[in-house]
Amino acid sequence: AFGETVPEDLKSGRRDLRELPLVTIDGADARDFDDAVYAQQRKNGWRLVVAIADVASYVTPASPLDQEAVNRATSVYFPGRVIPMLPEALSNGLCSLKPDEDRLSLVCDMSINEAGNVVRSRFDAAVIRSHARLTYDEVWEWIVSGKNEIRPGMTDVSASLKDLYGLYRALRKARTRRGAIDFESTEVQFVFDERGAVDDIKPYERNDAHLLIEECMIAANVEAANFLLRQQIPGPFRSHEPPPVDKLESLEQFLRGLGIKVPWRRKPTPRDFETVVQQTKGRDDRHLIMAVLLRAQSLATYQPRNTGHFGLALAAYAHFTSPIRRYPDLLVHRAIHHLLQRKPAAHYPLGEDRMERLCEQCSHRSRRAEEAERDVNDRLKAFFMERHIGDEFEGQVTGVTSFGLFVELARNRVSGLVHITSLPNDYYHFDPVVHRLVGDRTGKVFQLAQKVRVKVMAVNVDDRKIDFELAR
């Protein structure tokens with residue numbers, strides 16, 4: 001019923017930024033474009049404009065659209081398929097910041113100094129027009145190439161991208177100074193054949209274009225959180241607590257067992273974790289240590305009160321930049337709209353009790369989506385490995401237990417178990433402190449991060465289990 005174009009009456013009274021050469025930068029397979037960026041270098045720093053799809057102008061409180069959105073609370077991303085939070089007419093249509101089409105937007109306009117710190121910011125309801133739909137790989141290849149224009153005739157866009165990259169380097173330095181943790185994730189990409197079966201699994205490599213957009217989004221999210229705090233409106237703040245004590249004890253044992261210096265005494269700071277990350281550079285077991293560091297962290301949740309974000313080393317944080325796919329972002333947009341319309345904070349319709357219930361539901365739905373995504377990925381990996389029973393692969397021990405070794409294959413990040421009964425004939429003692437199995441008779445040692453060659457023995461797709469044995 002909204003139609004396919006933005007009507008003129010919805011554009012009136014908004015800041016007109018259609019001439020600004022904003023662009024979207026996403027993955028090649030993205031369909032919903034909820035953020036566009038622009039930067040301009042100035043005398044003492046940069047201007048950064050982050051324009052976000054104005055979902056709140058279409059999805060109004062208590063409407064059928066809103067009831068279904070809050071029920072889903074998040075889009076779920078499976079390989080080759082998305083279960084969207086909003087109908088595709090909005091998520092891939094009217095709300096998506098498609099190139100050369102007028103779109104409603106909520107804009108965070110920032111002034112950032114040479115040290116990478118935001119010195120001023122403002123929020124506006126705006127109408128924008130994306131000047132190009134770019135991909136991460138396209139932007140990164142262009143940056144590396146040193147060419148003048150990313151595409152022929154795109155002078156203004158190219159100038160903005162060059163300034164964006166300069167700003168990104170300043171933002172990264174600021175991130176390092178405050179001690180944010182730089183976790184490296186080991187995501188994989190599924191390649192499907194024409195029948196829809198998994199043809200290959202490849203590690204997904206991130207480049208500086210990914211990190212550039214990430215830093216721009218973090219800057220806008222921080223400003224949104226600060227805006228809500230200044231106006232004293234309860235919002236779904238993104239909260240990340242320090243690691244719990246019980247996880248810290250086993251983590252410290254793990255790190256010392258690998259010869260890594262533990263830099264904290266009692267309570268670690270984000271900078272302590274980043275120090276550990278830096279110690280792993282150049283090590284063969286780097287991605288394994290990253291995975292263990294990640295598992296030691298508390299789960300991030302949504303909270304009506306701000307408690308800061310440990311991992312990003314930020315005093316305040318909220319999700320503002322993805323309202324097409326996350327309900328908390330839509331709630332933050334509604335709060336900002338309320339304030340932009342000069343309505344008193346005291347008249348904001350959502351009190352802290354209601355916000356607490358919404359935060360709890362959004363946190364639960366977010367975890368449920370992550371579990372579903374992980375479950376589907378594991379099932380697809382099992383389907384793929386069924387075709388490789390009897391084949392041999394190089395791998396690394398990522399877990400040692402009393403019943404065997406967990407091994408991750410180097411080529412495609414698929415994990416499986418080498419059961420203790422399939423290890424060379426011996427009685428093995430399990431040492432949980434240093435994560436290793438030691439043969440009683442032979443003295444043979446199997447330990448964390450050890451490189452091994454394994455053979456695929458069996459696959460159970462229903463249980464998502466893959467059995468390996470050591471290749472002779």
Side-chain angles (χ1 to χ4, degrees), residues 5-6 11 14-54 95-116 118-174 206-220 223 321:
T5 57
V6 181
K11 297 177 193 174
R14 288 174 170 262
R15 192 175 171 200
D16 191 340
L17 295 176
R18 283 175 285 193
E19 296 304 311
L20 204 65
L22 288 151
V23 295
T24 61
I25 306 175
D26 295 273
D29 56 352
R31 296 288 175 269
D32 52 347
F33 313 123
D34 46 17
D35 55 88
V37 291
Y38 163 81
Q40 179 187 29
Q41 188 154 15
R42 290 174 164 174
K43 189 178 177 184
N44 297 316
W46 294 265
R47 177 193 181 192
L48 171 64
V49 178
V50 174
I52 305 298
D54 190 358
C95 290
S96 190
L97 306 182
K98 294 179 177 179
D100 305 316
E101 293 190 29
D102 287 0
R103 287 290 183 259
L104 302 183
S105 173
L106 202 54
V107 166
C108 182
D109 196 336
M110 295 165 268
S111 294
I112 300 174
N113 63 20
E114 289 169 329
V118 178
V119 290
R120 273 191 315 280
S121 68
R122 60 179 276 185
F123 286 89
D124 291 287
V127 55
I128 69 155
R129 198 174 176 88
S130 169
H131 286 223
R133 179 270 197 266
L134 305 174
T135 68
Y136 294 121
D137 290 345
E138 182 183 9
V139 170
W140 181 233
E141 284 165 17
W142 173 73
I143 288 169
V144 171
S145 75
K147 290 178 183 173
N148 283 333
E149 293 187 344
I150 189 160
R151 290 180 193 164
M154 287 195 171
T155 309
D156 290 348
V157 165
S158 302
S160 167
L161 288 172
K162 281 177 182 167
D163 289 349
L164 259 175
Y165 193 58
L167 168 60
Y168 157 69
R169 288 194 292 251
L171 290 172
R172 287 296 290 182
K173 285 177 183 170
R206 299 204 324 154
N207 55 46
D208 273 14
H210 293 83
L211 301 176
L212 181 156
I213 291 299
E214 192 176 282
E215 288 301 324
C216 292
M217 297 306 114
I218 288 171
E223 292 313 299
T321 54

**Message:** Checking Asp208 against Ile143 for the side-chain contact (heavy atoms from CB on, under 4.5 Å) test, could you report, in this order, the C-alpha distance in whole Å, the side-chain angles of both residues, the deciding distance, and whether it holds?
**Reply:** CA-CA 9 Å; Asp208 273 14; Ile143 288 169; 6.0 Å; no
**Item:** Trace of the side-chain contact (heavy atoms from CB on, under 4.5 Å) decision for Ile150 with Val23
**Value:** CA-CA 12 Å; Ile150 189 160; Val23 295; over 6 Å; no
**Message:** Set out, in order, the CA-CA distance, both residues' side-chain angles and the distance that settles side-chain contact (heavy atoms from CB on, under 4.5 Å) for Met154 and His131, then state yes or no.
**Reply:** CA-CA 9 Å; Met154 287 195 171; His131 286 223; over 6 Å; no
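For residues 27-44, the set of pairs meeting the side-chain hydrogen bond (donor to acceptor under 3.5 Å, both in side chains) definition, not counting sequence neighbours, comprises Asp32-Tyr77. Within the structure, side-chain hydrogen bond (donor to acceptor under 3.5 Å, both in side chains) pairs that include any residue of residues 135-149 comprise Asp137-Asn207, Glu138-Arg151, Glu149-Thr155 (at least two apart or interchain).
Residues Ile213 and Val139 fail the side-chain proximity criterion, which asks for heavy atoms closer than 4.5 Å. Using a 4.5 Å cut-off on side-chain heavy atoms (C-beta onward), Thr321 and Ile218 make no contact. Put simply, the side chain of Ser105 does not reach to within 4.5 Å of the side chain of Leu22, judged on heavy atoms.
Here OH of Tyr168 is found 4.0 Å from CG of Leu211. Values are rounded to the nearest 0.5 Å. A distance of 8.5 Å separates CG in Leu106 from CD1 in Ile52, rounded to the nearest 0.5 Å. Arg169 CZ to Tyr165 OH: the interatomic distance, rounded to the nearest 0.5 Å, is 5.5 Å.
Ser158 is linked by a side chain to side chain donor-acceptor pair (under 3.5 Å) to nothing, counting only residues two or more places apart in sequence or in another chain. Looking at residues two or more places apart in sequence or on another chain, you find a salt bridge (charged side-chain N to carboxylate O under 4.0 Å, His left out) between Asp102 and Lys11, Arg18, Arg129. Shown here are the side-chain contact (heavy atoms from CB on, under 4.5 Å) partners of Thr24, two or more places apart in sequence or in another chain: Asp26, Phe33, Ala36, Leu97, Ser130, Arg133. Under the rule for a salt bridge (charged side-chain N to carboxylate O under 4.0 Å, His left out), the partners of Asp109 that lie at least two apart in sequence or sit in another chain are Arg15, Arg47.
Across Ala115 and Ala174, no two heavy atoms sit closer than the pair O-CB, 3.5 Å. Heavy atoms only, all atoms of each residue included: Val107 and Ala51 are closest at CG2-CB, 3.8 Å. Of all the heavy atoms in Cys108 and Glu223, the pair that sits closest is SG-CB, 3.9 Å.
A donor-acceptor contact shorter than 3.5 Å links the side chain of Ser160 to the backbone of Ala39.
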